[in-house]
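All of these numbers come straight from a predicted model, not from anything done at the bench. Below, each value reflects all heavy atoms present in this structure, side chains not excepted, and no hydrogens, waters or symmetry copies.
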Amino acid sequence: MENQQSKIEFYRQRTFSEKLNTTFSFIRENWKPLLKYTFYLIMPVCLVQTYAMNSAIGGYFGLLSSSMGGSGAFGSNAFGFLADYGVLLFCSLIGSAIISGMVYAMMQTYATRENGLQQVTLGDFRENLTVNAWKCLRISLFFILAYALIAVMAGILAALVSVVSLFFTIPLLILFALCLIPLMMLVPVYVFERDIRFSAAVRKAWKLGMETLGGLLGIVIVLSLISSVVQTVTMLPWYIVTVFGYVFSLTTESAMDQSAGYRFLLYILGLIQSYGAYAASTIGAIGLAFHYFHAREKVEGVTVESDISNFNRL
């Protein structure tokens with residue numbers, strides 16, 4: 001009973017500072033299982049993603065060298081770069097779905113287990129993880145399609161309309177893109193409301209997002225800045241070694257950038273960078289979830305409805 005009383009309440013209206021404090025309280029309370037299962041679940045993706053990332057960077061530098069030197073290998077370098085970049089994007093798509101699905105599955109488990117996430121095992125949230133990851137993947141594809149549609153519309157307008165009319169059409173496209181901001185609520189809505197259809201989740205995410213737009217923007221901006229700091233710390237060693245290797249290869253005739261030791265070091269630092277990016281993204285996912293709990297309580301009064309439906313048992 002003591003554990004239950006000390007558990008963080010999800011569905012509750014909170015001020016902006018309270019949402020931030022609750023987000024970091026949840027992370028502080030459960031950082032060990034969060035990091036543990038982030039490592040177990042995302043590291044296989046990181047292994048492939050890091051290889052593709054380093055290959056894509058190497059291909060990009062090869063493109064620069066061949067374009068400056070007029071080499072005939074530009075076509076093959078371009079094909080290799082595009083292939084590696086495609087693998088990198090695919091891994092990022094899968095990794096993001098896994099990490100978001102894992103975070104929300106653990107939050108669902110936290111709410112239902114008597115002792116929260118203490119001594120939690122993968123079996124305790126495997127089913128929720130699978131369902132959530134597929135839902136997150138579907139949402140990612142939805143946003144990719146939406147942004148692709150915006151890009152196509154912008155390209156068509158740029159090709160067909162006059163320069164003067166672009167002053168009216170471009171702001172309209174920007175406004176359309178801004179309309180996607182409230183739909184950031186789509187992930188927690190679609191995940192936490194298990195029986196909702198995708199179209200209904202889109203409508204509800206829009207409603208909750210518009211009702212709490214200021215708080216949504218605030219929580220996303222602040223947590224994105226914090227996450228970017230963590231990502232920068234883990235990315236910096238990989239970035240420095242990558243740039244140093246390229247510059248050194250241009251200024252000397254040494255093949256240091258092709259040596260096994262250099263490639264191994266770059267791969268290890270790339271793993272740290274990839275894992276750090278995914279681990280940092282859990283901060284934003286948790287904060288967005290607590291904003292969703294706040295928004296749903298504010299708009300729908302979930303706790304009040306639950307108390308009324310369970311009145312006979314109170």
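Within the model, atoms CD1 of Ile27 and OG1 of Thr282 stand 5.5 Å from one another, a figure rounded to the nearest 0.5 Å. Between the NZ atom in Lys19 and the CZ atom in Arg14 there is a gap of 10.0 Å [rounded to 0.5 Å]. Annotation: the span from Leu223 atom CG to Ser281 atom OG amounts to 12.0 Å, rounded to 0.5 Å. For the atom pair CD1 of Ile226 and CD1 of Ile221, the computed distance is 12.5 Å after rounding to the nearest 0.5 Å. Distance check, rounded to the nearest 0.5 Å: CG of Leu137 to CG of Leu93 gives 5.0 Å. Put simply, CG on Leu88 and OH on Tyr51 are 13.5 Å apart, with the number rounded to the nearest 0.5 Å.
Listed here is the closest heavy atom pair of Ile286 and Leu34: CD1-CD1, 4.0 Å. Scanning both residues, Ala52 and Val87, for their nearest heavy atoms gives CB-CG1, 3.7 Å. Taking all atoms of both residues into account, the shortest heavy-atom contact from Phe293 to Met107 is CE1-CE, 3.9 Å. The shortest non-hydrogen separation linking Ala279 to Leu35 is CB-CD2, 4.4 Å.
Between Phe192 and Phe10, the ring centre distance reaches or exceeds 6.0 Å. Taking the six-membered ring for Trp and the full ring otherwise, Tyr267 and Phe264 have centroids separated by 6.0 Å or more.
Under 3.5 Å, the side chains of His294 and Thr212 contain no donor-acceptor pair of N or O atoms.
With Tyr190 as the aromatic partner, Arg138 does not meet the cation-pi criteria of under 6.0 angstrom to the ring centre and within 45 degrees of the ring axis.
The salt bridge (Lys or Arg N to Asp or Glu O under 4.0 Å) pairs that include a residue from residues 199-220 are Glu193-Lys204, Lys204-Glu300, where partners are two or more places apart or lie in different chains. The salt bridge (Lys or Arg N to Asp or Glu O under 4.0 Å) pairs that include a residue from residues 124-134 are Arg113-Asp124, where partners are two or more places apart or lie in different chains.
A continuous path of Ile, Leu, Val, Met, Phe, Trp and Tyr side chains, each step under 4.5 Å between heavy atoms, connects Leu141 with Met184, placing both in one hydrophobic cluster. In the hydrophobic clustering of this structure, Ile219 groups with Leu213; members are Ile, Leu, Val, Met, Phe, Trp, Tyr whose side-chain heavy atoms approach within less than 4.5 Å, directly or through other members. Hydrophobic clustering (side-chain heavy atoms under 4.5 Å, transitive across Ile, Leu, Val, Met, Phe, Trp, Tyr) groups Leu117 together with Phe39. By the criterion of side-chain heavy atoms lying less than 4.5 angstrom apart, applied directly or through intervening Ile, Leu, Val, Met, Phe, Trp or Tyr residues, Phe290 is grouped together with Phe16 in one hydrophobic cluster.
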Show your reasoning for whether side-chain contact (heavy atoms from CB on, under 4.5 Å) applies to Leu208 and His291. CA-CA 10 Å; Leu208 295 179; His291 179 80; over 6 Å; no
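Taking a 6.0 Å sphere around CZ of Phe142, one finds it holds more than 12 heavy atoms contributed by other residues, nucleotides or ligands. The environment of Tyr40 atom OH is sparse: at most 12 non-hydrogen atoms of other residues, nucleotides or ligands sit within 6.0 angstrom.
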